[in-house]
Chemist: 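Supplied in structure tokens, the structure appears directly below.
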Amino acid sequence: MPEIPANLLQYALYLRTILLSLMGLVLLAALGGPFIALVSEIAGRAQKKVFHDKFGKQMATMSVVFSLCALPFCLGGWAVLAFRHPAYVLEGVLSPLLGQASIFVLGVLAVALLLMLQYQTTWARLKDIKVFHITLGVLAVIVSIAGVYMLLALKRVMIQYPEAFAVDPSLQSFVSVARSIPLASTFWPFFAAVVLAAPAAAGGLGLLWLLMRRNKEDYGRDYYAYAFKRSAKFALAFGVLAACAVAWHAVWLAPRISELGLASIDLMKPEWMGLAVSILAMLTACILWGVIAASKTPLRQKPTAWLAAMLFFVSVLGEGLVLSRLYTLF
């Protein structure tokens, strides 16, 4: 069998990183959508404004659509990893991704998706008992964040303790390690970046979603001008926070990079370049979202919304490049 050229393998790695980053962007928006929907619903109830409620419903719908679109790819990726993860090469050991801990994490994420679906589909039916509907939204947000935490914790366990976890992949073993992650671990800034980037992605892609739904859900020009600005404000606020979290991650990641001989900051190295591009692209996207939020005619800022979304994708791609090159992330 002929050997595959090294440069072709490198291009394949880059393509995989691009596709995974695109999927990551969609999943971030799906994760952040319920939070924006929940905040908007609470604001609508408190301020008695219909626009808030309509906007919240549209963000909840977007989140469900993105989640269902990403679901086949996530399950397929999980199946591939189950048989190709480094821990699987240990002889005579069942893949940890098929063990109790992994099934538990999948279960939590499944519950989050079900709560998200229930939250979106009962928006109209529970309009007279908003307290119960808001409770559903709160649960969906909390369980989603818990699912992300457990998913990253599972990845950390398999990276840091592959042999020990392969020998004892029980749920009790996983929970014990997941509850005692050191505060100095780079897990925390990365987890913060994911959680904060989720509403930013939802707000950024929410702008595009509003453009696509405008003709099908004709709530009037005044509503869409309001919704466009509100979505941009969410993207701006959480985009700035997410950029700070990525910078925090870069600072804490520097000692780990020293293992590869890249301790000194050199922007020409792929690892540092990826982190720098991630932060700069996100901040630039925030500037564009700020332009939309401050505009008196936000619906004329369609090119700005598209450019900001592309820059946010570049930001996710930059972080994805770092993750693909630094396997021992946590």
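Computed from a predicted structure; not experimentally measured.
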Chemist: After noting the C-alpha distance and the side-chain angles of E41 and H52, does the key distance pass the side chain to side chain donor-acceptor pair (under 3.5 Å) rule?
Modeler: CA-CA 6 Å; E41 183 179 17; H52 289 330; over 6 Å; no

Chemist: When rounded to the nearest 0.5 angstrom, what distance separates OG1 in T186 from CD1 in I181?
Modeler: 10.0 Å

Chemist: Supply the atom-to-atom distance R125 CZ to Q118 CD, rounded to the nearest 0.5 angstrom.
Modeler: 6.5 Å

Chemist: Can you measure from CD (E217) to NZ (K54) and round to the nearest 0.5 angstrom?
Modeler: 9.0 Å

Chemist: Please assess W289 against F312 for the test ring-ring contact (aromatic ring centres under 6.0 Å, His included), listing each intermediate value before the final yes or no.
Modeler: CA-CA 11 Å; W289 288 324; F312 195 84; 5.7 Å; yes

Chemist: I need the single residue from V105, V108, L28, L31 that forms a side chain to side chain contact (heavy atoms under 4.5 Å, CB included) with V148. Which is it?
Modeler: L31

Chemist: If two hydrophobic side chains count as joined below 4.5 Å and joins carry through other members, does L288 share a cluster with F228?
Modeler: no

Chemist: Measure the acute angle between the ring planes of F191 and F187, then classify it against the limits of 30° and 60° as parallel, tilted or perpendicular.
Modeler: parallel

Chemist: Report the C-alpha distance between L71 and S67 in whole Å, list the side-chain angles of each, state the deciding distance to 0.1 Å, and finish with yes or no for side-chain contact (heavy atoms from CB on, under 4.5 Å).
Modeler: CA-CA 6 Å; L71 185 60; S67 297; over 6 Å; no

Chemist: Compute the ring centroids of Y223 and F55, then answer whether they are less than 6.0 Å apart.
Modeler: no

Chemist: Could you measure the distance from the CE atom of M282 to the CG atom of L196? Nearest 0.5 Å is fine.
Modeler: 9.5 Å

Chemist: Evaluate the criterion side-chain contact (heavy atoms from CB on, under 4.5 Å) for residue pair S231 and W209; output intermediate values, then yes/no.
Modeler: CA-CA 10 Å; S231 191; W209 178 261; over 6 Å; no

Chemist: Under the side-chain contact (heavy atoms from CB on, under 4.5 Å) rule, what do L109 and F104 come out as? Steps first, then yes or no, please.
Modeler: CA-CA 9 Å; L109 294 173; F104 175 72; over 6 Å; no

Chemist: Side chains of Y224 and P298: closer than 4.5 Å at any heavy-atom pair?
Modeler: no

Chemist: With heavy-atom distances below 4.5 Å as the criterion, would you say the side chains of R230 and F51 are in contact?
Modeler: no

Chemist: Within this structure, what is the CD1-CG distance for the pair I134 and L139, rounded to the nearest 0.5 Å?
Modeler: 12.0 Å

Chemist: Using 0.5 Å steps for rounding, measure from the CG atom of L27 to the CZ atom of F66.
Modeler: 10.5 Å

Chemist: Between R300 and S295, does the side-chain contact (heavy atoms from CB on, under 4.5 Å) criterion hold? Intermediate values first, please.
Modeler: CA-CA 9 Å; R300 295 182 180 179; S295 176; over 6 Å; no

Chemist: Tell me whether K48 is salt-bridged to D53, with the criterion being a basic N under 4.0 Å from an acidic carboxylate O.
Modeler: no

Chemist: If two hydrophobic side chains count as joined below 4.5 Å and joins carry through other members, does V251 share a cluster with V240?
Modeler: yes

